[in-house]
Amino acid sequence: MPGRVGPAGFAHHPPATGLQPALKSGPRRRWGVPQFQSSHAPRGTARAVARRHHGYTDSMSVRTRVAPSPTGDPHVGTAYVALFNHVFARSRGGQFILRIEDTDQQRSSSASETAITEALRWAGLDWDEGPDVGGEFGPYRQSERLALYRRHADELVASGGAFPCFCPRERLDELRRRQQANRETPRYDGHCRNLDPAESRDRVVSGETHVVRLDVPETGVCQFSDEIRGAIEIPWQQVDMQILVKSDGFPTYHLAAVVDDHLMGITHILRGEEWLSSMPKHRLIYDRFGWSLPSHYHLPLLRNADGSKVSKRRNPTGLNYYRRIGYLPEALRNYLALMGWSMPDEREIFSTEEMTAAFDSDRLTTGGPVFDLAKLDWLNGQYIRSMATDEFMRRVADWAINRENLAALAPLVQQRTERLVDLLPQVDYLLGDRATLDEDDFAPLRLDADDCLRVLDHIGRRLDAQDAWDRDALQAAIRSLADAMDIPTRDFLAPLFVAVAGRTVALPLFDSMAYLGRDMVRSRLASALTALGGVSKKKAKRLERDYADLQIDET
RNA sequence: GUCCCCUUCGUCUAGUGGCCUAGGACUCCGGGUUUUCAUCCCGGCAACAGGGGUUCGAGUCCCCUAGGGGACGCCA
């Protein structure tokens, strides 16, 4: 049964040829595969530990991973994928690994890596191996594994599975333009594949700038299986000769992930559905190295209310938003578990431990779930109400009402306080949610509603491009925007006050924003925009253009 | 545009050919308990995208159409 993993794990895969007969199509439940009984077996922790000591040689051990790219704020989608990998591994007594995919030198940052690991830890998704905890398959940061990728890329080139490509960007841009004009799928034309191997070796040796591309068959179809969908075929025609090594010597995702998954002994890959169309490339790389293909499960993508892939413009996607606004990690995990999976007994409130004990990948669903916060609110309430009072108090303190947190607020409020009761009304929008807005809240301002909307939209764009999130950096960023838009600071800031604090008189704006954090500010800007009538697709296009035309002084 | 994936109440889902007069949960609406509010309890609205087949029998299997999504980067 190709592609299907039994209890014995990946060692039982047939040799991967890529040319196996098509699997019987239809849903996986008709394949007649015996159900793996993990859901009814005891956790077997002792056995799992014993297995771990066998290391490489023990093919029984299930290993999964989550592999975020440290190029931004911790994303709820990362937690979603991490949850399922975590539960899958633990339900079979295996290991769950965190790997940092920092192969994009321009965009990766260690600040982002730290934020992501902290947020995942807050979410309660701990890992057995990772950059911060070590493990015998390390290092777990791809930027520290470059020699490994280099060696494998060389091997691929030597065996003819990949080739150096010297095409300048201009040629590729031109090629793409022409193909798009002819309504063809943009695809590398194989120019450098046809070079004389000796010549191209010389050019590489002489130090000429180049990338390494995957050689892809011209005809036929690639067959593979997705464990929650069944057999899938994609014509090789559709598959581009993907760059495997960039001109800076760093690998792309496709090479690095495959090499690492193999070397780290990953047996099951649960990842977002967006990777489905990359499967042929990955399968090709596995085959060319003669490696067995792990089982793949492509989880449905979380969606906005309109069905599109969840995005920060339309939804709070930052994990820190959920933390700051006071969702409990266990409630968030419970909610995420409901996105594409269900308990055998249809229970909807359950712990991650209960989920792990009952986990059965056959209960994974395929439709893209809308990330709708109403149900999370209800779930979170259920968790809060069922807590012991002591526990509740502890959680409140963990959340925000504590000494450390008040220390950040004290300098802002002390000079503005005569009686201690004056304190609460000042910090209401910092400790609590700010009032719900409507258009009237903006009416008294100097700018009209249209201008308010434009200002808030542009502030949102400006802040999305803003790395540092402290008072001075925020002030500089927003001042420069006000200058570029040629609006007096006082008038410019008023709608921002309303958006952030719900009123025009409040604690210092940039301190407030620094305190609230990026995710909370973004969500308040978004709801303010909605109060101002919202931004239609057409309007968004125009605003984007207007923003791009601004001459913002970055100094 | 090309390829791939997906499609059950507004939302999350149950459904593995007869147990489906399609079940549960959230939201919403109505009622009850409660000094208010919230909780809690009870009730209600609400779905198999459309069309063909296969079958004694189709939400479930097959095909087509439509709609949605994703991919098509020296991003991951």
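Just so we're on the same page: letters track the sequence lines, and every chain starts at 1.
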message: B:G73, OP1 or OP2 - any side-chain N/O from A:R176 closer than 4.0 Å?
response: yes

field: Minimum-distance nucleotide to A:I232 side chain [options: B:C4, B:G70, B:C3]
entry: B:C4

- request: Please tell me which of A:A305 and A:R169 maps to the more 5' nucleotide of RNA chain B, matching each residue to the nucleotide holding its nearest heavy atom.
  value: A:A305

field: Separation between the P atoms of B:C26 and B:C64, rounded to whole Å
entry: 40 Å

query: With a 4.0 Å cut-off on heavy atoms, is A:L301 in touch with a base, just the backbone sugar-phosphate, or nothing at all?
result: sugar-phosphate

query: Are any of A:Q237's side-chain N or O atoms less than 4.0 Å away from OP1 or OP2 of B:C72?
result: no

message: Over all strands shown, is A:V370 touching base, sugar-phosphate only, or nothing at heavy-atom distances under 4.0 angstrom?
response: sugar-phosphate

field: Phosphate OP1/OP2 of B:A71 contacted by A:S278 side-chain N/O (<4.0 Å)
entry: no

- prompt: Of the candidate nucleotides B:G73, B:A76, B:C26, which contains the atom at the shortest distance from the side chain of A:D104?
  reply: B:A76

Side chain A:E273 and base B:G69 donor-acceptor under 3.5 Å: no

message: Side-chain N or O of A:K375 versus OP1/OP2 of B:U13: is the shortest distance under 4.0 Å?
response: no

hbond_proxy A:E348 side chain to B:G24 base (donor-acceptor, 3.5 Å cutoff): yes

message: Using a heavy-atom cut-off of 4.0 Å across all strands, would you classify A:S247 as base, sugar-phosphate, or nothing?
response: base

field: Selected nucleotide, minimal atom distance to A:S277 side chain, candidates B:A14, B:G24, B:A71
entry: B:A71

message: Nearest whole Å is fine: how far is B:C12 C1' from A:M343 CE?
response: 15 Å

message: Between A:W122 and A:N320, is there a side-chain donor-acceptor contact under 3.5 Å, judged purely by atom types and distance?
response: no

- request: Give one of base, sugar-phosphate or nothing for A:E101, where a contact means two heavy atoms less than 4.0 Å apart.
  value: sugar-phosphate

A:R313/A:D464 ion pair, N-O < 4.0 Å: yes

message: Regarding A:R151 and A:E155, does a basic nitrogen lie under 4.0 Å from an acidic carboxylate oxygen?
response: no

field: Residue whose nearest RNA chain B nucleotide is more 5′ - A:T252 or A:W341
entry: A:W341

query: Taking atom C1' in both B:U39 and B:A76, what distance in whole Å separates the two?
result: 45 Å

- prompt: What is the nucleic acid contact for A:G272, judged by heavy atoms within less than 4.0 Å: base, sugar-phosphate only, or nothing?
  reply: nothing

- request: Decide whether A:D260 and A:Y140 meet the rule of one side-chain donor and one side-chain acceptor closer than 3.5 Å.
  value: no

message: Taking the minimum atom-to-atom distance to the side chain of A:Q382, which one of B:A76, B:G24, B:C40 wins?
response: B:C40

message: Between B:C20 and B:U2, how many Å separate the two P atoms, rounded to a whole number?
response: 44 Å

- request: Please measure how far the C1' atom in B:C48 lies from the corresponding atom in B:C6, and state the result in whole Å.
  value: 15 Å

message: Taking 4.0 Å as the cut-off, does a side-chain nitrogen or oxygen of A:K309 come that near to OP1 or OP2 on B:A71?
response: yes

task: Would you mind classifying the nucleic acid contact of A:I243 as base, sugar-phosphate or nothing, using non-hydrogen atoms under 4.0 angstrom?
output: base

Salt-bridge present (A:D215, A:R288; N to O < 4.0 Å): no

message: Regarding A:M339, tell me which of base, sugar-phosphate or nothing describes its non-hydrogen contacts under 4.0 Å with the strands shown.
response: sugar-phosphate

- prompt: At under 4.0 Å, does any side-chain N or O of A:T103 touch on OP1 or OP2 of B:A76?
  reply: yes

task: Taking atom P in both B:C61 and B:A14, compute the distance separating them and give it to the nearest angstrom.
output: 14 Å

query: Does A:R177 pair with A:E174 as a salt bridge, N-O distance under 4.0 Å?
result: yes

task: Write down the distance between CZ (A:R229) and P (B:G69), rounded to a whole number of angstrom.
output: 16 Å

task: For A:T71, answer base if it contacts any base atom (sugar-phosphate contacts may also be present), sugar-phosphate if it contacts only those atoms, and nothing otherwise; contact means non-hydrogen atoms under 4.0 Å.
output: nothing

